[in-house]
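Since the model is a prediction, treat every value here as computed from it, not as a measurement. In this chain, numbering begins with 1 at the start of the sequence shown. Computation of the quantities below employed the complete heavy-atom set of this structure, encompassing side-chain atoms and omitting hydrogens, waters and symmetry-equivalent molecules.
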Amino acid sequence: DLSIMLLNSFLLSLLLVISCVLGQPDCSPACSGCDDDVAACQAAVDQGCAYDFGTFTCEQVNCGPDCSLCDGVDFNLIALCDNDSRCWYVPENGGICGLKDTCRSDCTFCPDEEDACGFGVGGNNICQLGSNSECIGTTCNTNCEVCLSFGTECVDSRAPPNGCALVDQGGNEECVSNTRNPTTDPTTSPSPEPSQSPSISPTDHPTDDPTRSPTDRPTNDPTPRPTQAPLECGDNRRGMFRNAQPIIE
């Protein structure tokens, strides 16, 4: 009921105050160090910890404010980093889990200065200045252009922001950065100059030889045998009467 909810809220607030005064408890490794201490687990918010009352264990539920809590090569940490929408995992330098779109996970976000660039993605010059004086990755997991175009190296790459893909470039496969939201059915021959105002109801079977100057007001029911003008005296048309009907020759 409401009283229990208020009590839980008060206790959690109290734990946070105590943790600020006494310092954060150490629940390493990966929060399991606080399995037997509910209060310490709940207070270790900066370590990404939360107590699971179903399993009675202290579990790491996120990678922390800067994602660095998931650094390493442990499969559980890699999975946790991959599942944290804020983070991106790169295997270089012993496994780096960094915030997306930052120098810690993506060389292209590092300053275009030699010293600063070299510290990207964990350092050790994994990131270096390129020919255009831009900070770029030097490994397949940091730059798709470095990957081999055969085998699985390209498609297995963890280069940010979304891995790599093989594409056909004039008969040769090249490894390029994978788009985040590709279309499921791209056109193979798009028009270079599409119509700006296409018809919403085009005809299915247009004529092959339309008239160039059609009448504006055609008759709806023309006679199949139109009448001839009557003969008059002096008419230059030759004719004869047969059965009281004029025959025009």
Response to the item:
Hits for side-chain hydrogen bond (donor to acceptor under 3.5 Å, both in side chains) against Thr142, two or more places apart or cross-chain, chain-then-number order -> Thr139
Worksheet entry | Sequence-distant partners of Asn93, side-chain hydrogen bond (donor to acceptor under 3.5 Å, both in side chains), two or more places apart | Asn124
Item to complete: Output, in order, the C-alpha distance, side-chain angles, deciding distance and verdict of side-chain contact (heavy atoms from CB on, under 4.5 Å) for Ser133 and Asp112.
Response: CA-CA 6 Å; Ser133 298; Asp112 295 332; 5.8 Å; no
Fill in: Cys97 versus Cys63, closest heavy-atom pair with distance
SG-SG, 4.1 Å
Worksheet item: Is a donor on one side and an acceptor on the other found under 3.5 Å between the side chain of Glu153 and the backbone of Leu148?
Response: yes
Worksheet item: Got a second to check how far Cys87's SG is from Ile96's CD1, nearest 0.5 Å?
Response: 12.5 Å
Worksheet item: What distance separates Gln42 CD from Cys49 SG, expressed to the nearest 0.5 Å?
Response: 9.5 Å
Practice prompt. Measure across Cys164 and Cys175 and return the closest heavy-atom pair with its distance rounded to 0.1 Å.
Written response: CB-SG, 3.5 Å
Response to the item:
Between the CZ atom in Arg158 and the SG atom in Cys81, the distance rounded to the nearest 0.5 Å is 7.5 Å
Worksheet item: Would Cys117 and Cys135 satisfy disulfide (SG to SG under 2.5 Å), going step by step from the backbone distance to the final call?
Response: CA-CA 6 Å; Cys117 175; Cys135 191; 2.0 Å; yes
Practice prompt. Mind listing the closest non-hydrogen atom pair of Thr102 and Phe109 along with its distance?
Written response: C-CB, 3.7 Å
Worksheet entry | 4.5 Å side-chain heavy-atom contact, Leu77 and Tyr89 | no
Practice prompt. Keeping the roles fixed (side chain from Ser105, backbone from Leu99), state whether a donor-acceptor pair exists under 3.5 Å.
Written response: yes
Item to complete: Tell me if the SG of Cys154 lies under 2.5 Å from the SG of Cys140.
Response: no
Discussion item. Using 0.5 Å steps for rounding, measure from the SG atom of Cys34 to the CD atom of Glu59.
Written reply: 12.0 Å
Fill in: Spatial distance of atom OG (Ser85) from atom CG (Asn62) [nearest 0.5 Å]
10.5 Å
Discussion item. A side-chain contact here means heavy atoms from C-beta on lying under 4.5 Å apart; do Ser68 and Arg104 qualify?
Written reply: yes
Practice prompt. Heavy atoms only: give me the nearest Leu69-Gly64 pair and the separation to one decimal.
Written response: CD1-CA, 3.5 Å
Worksheet, complete the sentence: Between the CG atom in Asp82 and the CZ atom in Phe75, the distance rounded to the nearest 0.5 Å is 12.0 Å
Worksheet item: Donor-acceptor pair, Asn132 side chain versus Glu134 backbone, under 3.5 Å?
Response: no
Worksheet item: Got a sec, which residues hit side-chain contact (heavy atoms from CB on, under 4.5 Å) with Asp35, two or more places apart in sequence or on another chain?
Response: Ser32, Thr57, Cys58
Discussion item. Taking CG in Asp36 as the centre, count heavy atoms belonging to other residues, nucleotides or ligands within less than 6.0 Å. Is the count above 12?
Written reply: no
Fill in: Shortest non-hydrogen contact between Val90 and Asn141, atoms and distance
CG1-O, 3.8 Å
Item to complete: Write down the atom of Thr138, the atom of Val146, and the distance for their closest heavy-atom approach.
Response: O-CG1, 3.6 Å
